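Read the structure below first, then the notes.
By convention in this document, chain letters (A, B, ...) are assigned in the order of the sequence lines, proteins followed by strands, and residues within each chain are numbered from 1. Note that the structure is predicted; figures quoted are calculated from it, not measured.
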Number of protein chains: 2
Amino acid sequence: MAQKVTIRDLAEAAGVSVTTVSQILNGKGDRFSNDTRDRVLKLQEKLGYVPDYNARNLIMGSTQTIGVLVPNLANPFFSMFIKGIQQVAQSHHFVPIIFDANQNQKLQSMYLEELIKRAANGLIIASATLDANDIDRILTRNGIPYLLFDQNDAQIGDRVWVDDYKGGQMAANYLLSQGHRRISLLVGQDITHNIQQRISGFRAGMAKYHLTLADEMVVQTSMTKLGGYQATATVLAKKPTAVFCINDEMAIGLYRGVQEQGIKIPDDLSIMGYDDIDLADFVTPKLTTIHQPAFEMGQVATELLIERLNNPRLTHQDKQLPLELITRDSVKLIQSGIH
Amino acid sequence: MAQKVTIRDLAEAAGVSVTTVSQILNGKGDRFSNDTRDRVLKLQEKLGYVPDYNARNLIMGSTQTIGVLVPNLANPFFSMFIKGIQQVAQSHHFVPIIFDANQNQKLQSMYLEELIKRAANGLIIASATLDANDIDRILTRNGIPYLLFDQNDAQIGDRVWVDDYKGGQMAANYLLSQGHRRISLLVGQDITHNIQQRISGFRAGMAKYHLTLADEMVVQTSMTKLGGYQATATVLAKKPTAVFCINDEMAIGLYRGVQEQGIKIPDDLSIMGYDDIDLADFVTPKLTTIHQPAFEMGQVATELLIERLNNPRLTHQDKQLPLELITRDSVKLIQSGIH
DNA sequence: TAAGCTTGGGGGACCGCTTTAATATAACCA
DNA sequence: TGGTTATATTAAAGCGGTCCCCCAAGCTTA
């Protein structure tokens, strides 16, 4: 490879000073003659000069980088979330660095450090296992603005959220309106704040019907397809008429387990999910679920963060996005004596 | 935020010179007394000193960064691929910067430039729409090693691949062995080299049975679930007994379209996919497909690239990974007079 | 005609770090 | 005792940029 061309090379070639080149290339060249300006620009093209990223950032103090931490890239919800991030980051000339922390505590800390090292301007963190206060401590110490996602309890950092409590209620209402009374709840291992909200909302929804969700009706497993599948027997043992899965992935896993037993959805068992990943529309039967606007959430999260980057002394930002019940084919209307 | 702590602050606090601190922190501190070393290390912890990334890279000339370009993050195949990349990158102290080019030509070029600007040490490119020669020209001009993926025609850059030709054959063989003769092929819009191989292999497989794949039996659509779904009518119109989808995503889309018509898989129609994304095991009926080791491919790709980074004058690297037929429930054994 | 603008351009400090080469002291050996 | 070597530490030269501030020459203007 040819030796890298520096600003000094370019200056020399153009017969001007380094200052002149720098100014012109940074759009501050009004005070130079057209002649000089053209010459520099032409020569830049010709020599293929690209300002050294590190040198530039060193002095500018910004990397135009946003760090992103998600628990699982393979979950379509997060794929969409990331796509949203990428889109608006790009339009603001930021670059997202994405880490899949794999729900692994240690890895997350590592990545967090890596992002700090790399002087990310801001962070978007969707972490189940990192403690919000830990994050806050380490990040504010380093003066890095961030936005917490999927973990909205702590009143720190900015926030983009959906009303999970209401989402839980919506799910309950719908299931109950379809006549279901014996409902099982399928949840993950570590209950983040937002999930907790969903559950509470669901409970509240049942309470309105003067029903309570017995503890024995909630079963825990990992929040993946496999987790849902593995929980099949346990769920079935509860003899529910419907099960509300705390995310679509698990619902899809449960689909398989249930269908393997020859049980028909929704005739023998109704299943409801949460997230509305693209897949929900492609399984058989199509999954009834609560739609979370993952892509928009990514967009808004990034917008808020960049907003704060531009204006550090903004007060706490908070944006809520709407949830929506998507009724498809996985929940059956059953007879019910009540109501 | 407290002013960022620099190496000078730390040096002063420890009562030693900047050099000393630098050396100790970079593991070259053998020549200093234990006393000094401990003092510096302790103080680093206490002050929370993190070396400035840009300053460091400026002088070191390396960013420890690998750029990754994929066509679609939401495709589970690429999610897994990326997970593989992340894993080995991490273990070699590299950080992947991932871009989802969204099958958009312009975006891809933009991202490529961005990656060059950011002085990525090397690139892994899975691009359908960028011309291999263009990539090569721009990248070698900048002296950046790279590895092309899913586009193996060009004999440039390193290469990790599976034998798609054989994969196509395997699919054909299996379908034919199950008695299918009237087979439709569902492919994408832009046929990359590897896909072309799959198709050729498939054709060759049929040829062995003295059959030919009529052009009218191949239908094109976009390589997504939605694409598969939208192709339903066209596919059905061909009246095949089986259809081979060039990737699993399309197969799953087709599943839905077909099932909406009340057509039973595999009883009325057999469907076969390619990739073996995790989902293949969770749809109903479970999808018979050809397994591509996405995760391993990500791992190997990264290993090869890092290998080259460490040793630029390596000869062309080439690694082949095995394909595997995964028979599940979406292909039916039908009566056949032949064989 | 001297002071003051305007126009076009350059010198050089500095960003935070690594590394080379040099210095100072202590220890060892014959 | 003087020379050699080992031990412990540092001064200073950059890396490739940006930007503050100064400079020179030609024109006005009162």
To the nearest Å, give me how far apart [atom1] ([X]) and [atom2] ([N]) are.
{"X": "A/N57", "N": "D/dC19", "atom1": "CG", "atom2": "P", "result": "12 Å"}
{"X": "A/Y53", "N": "D/dT18", "atom1": "OH", "atom2": "C1'", "result": "16 Å"}
{"X": "A/N54", "N": "D/dG17", "atom1": "CG", "atom2": "C1'", "result": "11 Å"}
{"X": "A/R39", "N": "C/dG9", "atom1": "CZ", "atom2": "C1'", "result": "11 Å"}
{"X": "A/D9", "N": "D/dG17", "atom1": "CG", "atom2": "C1'", "result": "13 Å"}
{"X": "A/L10", "N": "D/dT18", "atom1": "CG", "atom2": "C1'", "result": "15 Å"}
{"X": "A/L25", "N": "D/dT18", "atom1": "CG", "atom2": "P", "result": "8 Å"}
{"X": "B/D35", "N": "D/dT7", "atom1": "CG", "atom2": "P", "result": "17 Å"}

Exercise for the section: Any salt bridge (charged side-chain N to carboxylate O under 4.0 Å, His left out) involving residues 109-127 of chain A? Give me the pairs, sequence neighbours left out, ordered by first then second residue. Expected result: A/E114-A/K117, A/E114-A/R118
Problem - Protein-to-nucleotide contact annotation, 5' to 3' order, nucleotides 17-24 of chain C [B base; S sugar-phosphate only; - none; under 4.0 Å, heavy atom] - result: BBBB----
Problem - Of B/L58 and B/D30, the one whose closest DNA chain D nucleotide lies more 5' - result: B/D30
Practice task
Could you tell me whether the side chains of A/S33 and A/D35 share a donor-acceptor contact shorter than 3.5 Å?
Solution key: no
Handout entry: Within residues 85-122 of chain B or reaching into it, pairs that qualify as ring-ring contact (aromatic ring centres under 6.0 Å, His included) - sequence neighbours excluded
Key = B/F99-B/Y111
Handout entry: Residue pairs, two or more places apart or on separate chains, that pass ring-ring contact (aromatic ring centres under 6.0 Å, His included) and touch residues 37-89 of chain A
Key = A/F81-A/F149
Handout entry: OP1 or OP2 of D/dT9 under 4.0 Å from side-chain N/O of B/T36
Key = yes
Problem - Any A/S17 side-chain N or O less than 4.0 Å from OP1/OP2 of C/dG11 - result: no
Fill in the blank from the handout: Double-helix bend of the helix from C/dT1-D/dA30 to C/dA30-D/dT1, axes at both ends from 5 pairs, round to 10°, gives 60°
Exercise for the section: Scan for side-chain hydrogen bond (donor to acceptor under 3.5 Å, both in side chains) pairs involving residues 300-313 of chain A, sequence neighbours excluded, and state none if there are none. Expected result: A/D158-A/R308
Completion exercise
Applying side-chain contact (heavy atoms from CB on, under 4.5 Å) to B/R8 and not counting sequence neighbours gives B/T6, B/V18
Practice task
List in chain and number order the residues that pass side-chain contact (heavy atoms from CB on, under 4.5 Å) with A/Q299, two or more places apart in sequence or in another chain; answer none if no residue qualifies.
Solution key: A/Q87, A/V88, A/F295, A/E296
Fill in the blank from the handout: With sequence neighbours left out, the residues meeting salt bridge (charged side-chain N to carboxylate O under 4.0 Å, His left out) with A/R137 are A/D134
Problem - Residue B/E12 excluded, over 12 heavy atoms near CD under 6.0 Å - result: no
